[in-house]
Engineer: 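This is the structure I want to talk about, given as structure tokens.
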Amino acid sequence: MRTALISDIHANLSAFEAVLADIDARGVDRIVCLGDVVGYGPDPVECVDLVASRCEWSLMGNHDFGVLYEPTNFNAAAEQAAYWSRDQIESAARTDPERGRARLDYLNRLRVRVLMDEEFLCVHGTPRRPINEYLFPDDAQNSPAKMEQIFDRFDRACLVGHTHVPGVFIDDPDFLRPAEFDNLFRLEAGHKVVVNPGSVGQPRDYDPRASYAILSNGGAEATVEFIRCEYDIQRTVDRIHAIPELNDWLGDRLLEGR
Ligand code: ZN
């Protein structure tokens, strides 16, 4: 079974379309999304509709939650983007009430946790605080108690998003960036891992290309392949700059991947 793992699209339609084309060219059995479909970016309505039509399921991320309910612990730019995204979704619903209702219904039913294939625990943040907690690369060195508590909460592998930094946490503990294992990580029996496929729509590892991963499992061994994908970044930057409610920094940061 080949599963495309995507996360943190953040309403970046240009990046999302490029990733979907790349996924289609490689061929997978299903696509799953680890949350944050909306927030920050210029195309929330289109991205929700694409996730609903192309993904087997998506999780509730903190930005999806913030747009639907109330943004909490957001910085000013993120909060303003959340309110603007909500306005977009509401005005699209006034234009086309039937699709608008279906879209809101889809968002409202996003789950905070999915156990995939009985061995992959999927959450947006961490298994302790599934929507909001970050598991940062530095935590592997600096927060042993946090690492232990998180690794205690699943049996084999946990799939997360939220930090927008692709890589694998192992139970040494350590964090491995994809370049350290040539972009192909093998999950060995008896070792637990937390896998983050990175962000489709707002990468933060100083590589501006869209990030996602393909999990292959069901055979003798499971692997995760990390993939980067070029897209028309300037198109998204220009769209963000043209929308007064979206802070220019939300576009500028895409050019640097941070
Ligand atoms: Zn995010």
Side-chain angles (χ1 to χ4, degrees), residues 4-16 19 31-44 46-48 50-51 55 57-86 88-89 107 110-114 122-139 158-167 169 194-213 226 228-229 231 233 236-237 240 246-247 249-254 256-258:
L5 310 174
I6 63 173
S7 190
D8 296 277
I9 297 161
H10 285 294
N12 185 341
L13 183 63
S14 181
F16 191 19
V19 163
I31 306 171
V32 302
C33 174
L34 304 175
D36 276 3
V37 178
V38 297
Y40 295 136
D43 298 299
E46 293 77 5
C47 287
V48 172
L50 256 187
V51 165
C55 296
W57 46 259
S58 181
L59 296 173
M60 176 78 76
N62 58 314
H63 283 260
D64 308 315
F65 189 90
V67 168
L68 274 174
Y69 301 102
E70 210 47 40
T72 44
N73 295 324
F74 280 21
N75 62 42
E79 184 178 289
Q80 199 183 12
Y83 289 129
W84 177 82
S85 306
R86 182 186 300 173
Q88 297 302 299
I89 290 166
L107 283 170
L110 295 178
R111 289 174 287 173
V112 300
R113 173 188 192 281
V114 169
C122 305
V123 290
H124 180 66
T126 73
R128 310 199 284 195
R129 287 174 52 207
I131 295 182
N132 282 306
E133 186 174 50
Y134 290 93
L135 180 58
F136 288 113
D138 285 355
D139 289 335
C158 182
L159 311 180
V160 304
H162 200 33
T163 62
H164 302 202
V165 178
F169 294 87
V194 177
V195 174
N196 189 324
S199 169
V200 169
Q202 195 195 76
R204 292 181 193 160
D205 62 343
Y206 297 93
D207 178 345
R209 295 174 299 169
S211 181
Y212 77 100
F226 288 79
R228 299 309 281 249
C229 191
Y231 75 98
I233 301 176
T236 302
V237 175
I240 291 173
L246 298 181
N247 190 302
W249 156 244
L250 296 175
D252 299 338
R253 68 187 301 174
L254 298 177
E256 297 168 41
R258 70 188 179 107

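Every number for a ligand or one of its atoms is a count from 1 in the order of the listing.
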Engineer: In Asp8, the N, O or S atom nearest to the Zn ion (ligand 1) is which?
Structural biologist: OD1

Engineer: Does either side chain, that of Tyr83 or that of Glu70, offer a donor lying less than 3.5 Å from an acceptor on the other one?
Structural biologist: yes

Engineer: Which atom, among the N/O/S set of Asp36, is closest to the Zn ion (ligand 1)?
Structural biologist: OD2

Engineer: Does His164 bring an N, O or S atom to under 2.8 Å of the Zn ion (ligand 1)?
Structural biologist: yes

Engineer: Report yes or no: does Arg228 contribute a side-chain atom to a donor-acceptor pair with the main-chain N or O of Asp207 at less than 3.5 Å?
Structural biologist: yes

Engineer: Can you say whether the rings of His162 and Tyr134 are parallel (under 30°), tilted (30 to 60°) or perpendicular (over 60°)?
Structural biologist: parallel

Engineer: Looking at Asp8 and Arg204, does any basic side-chain N land under 4.0 Å from a carboxylate oxygen?
Structural biologist: no

Engineer: Tell me whether the Zn ion (ligand 1) has His124 as a neighbour, meaning an N, O or S atom of it below 2.8 Å.
Structural biologist: no

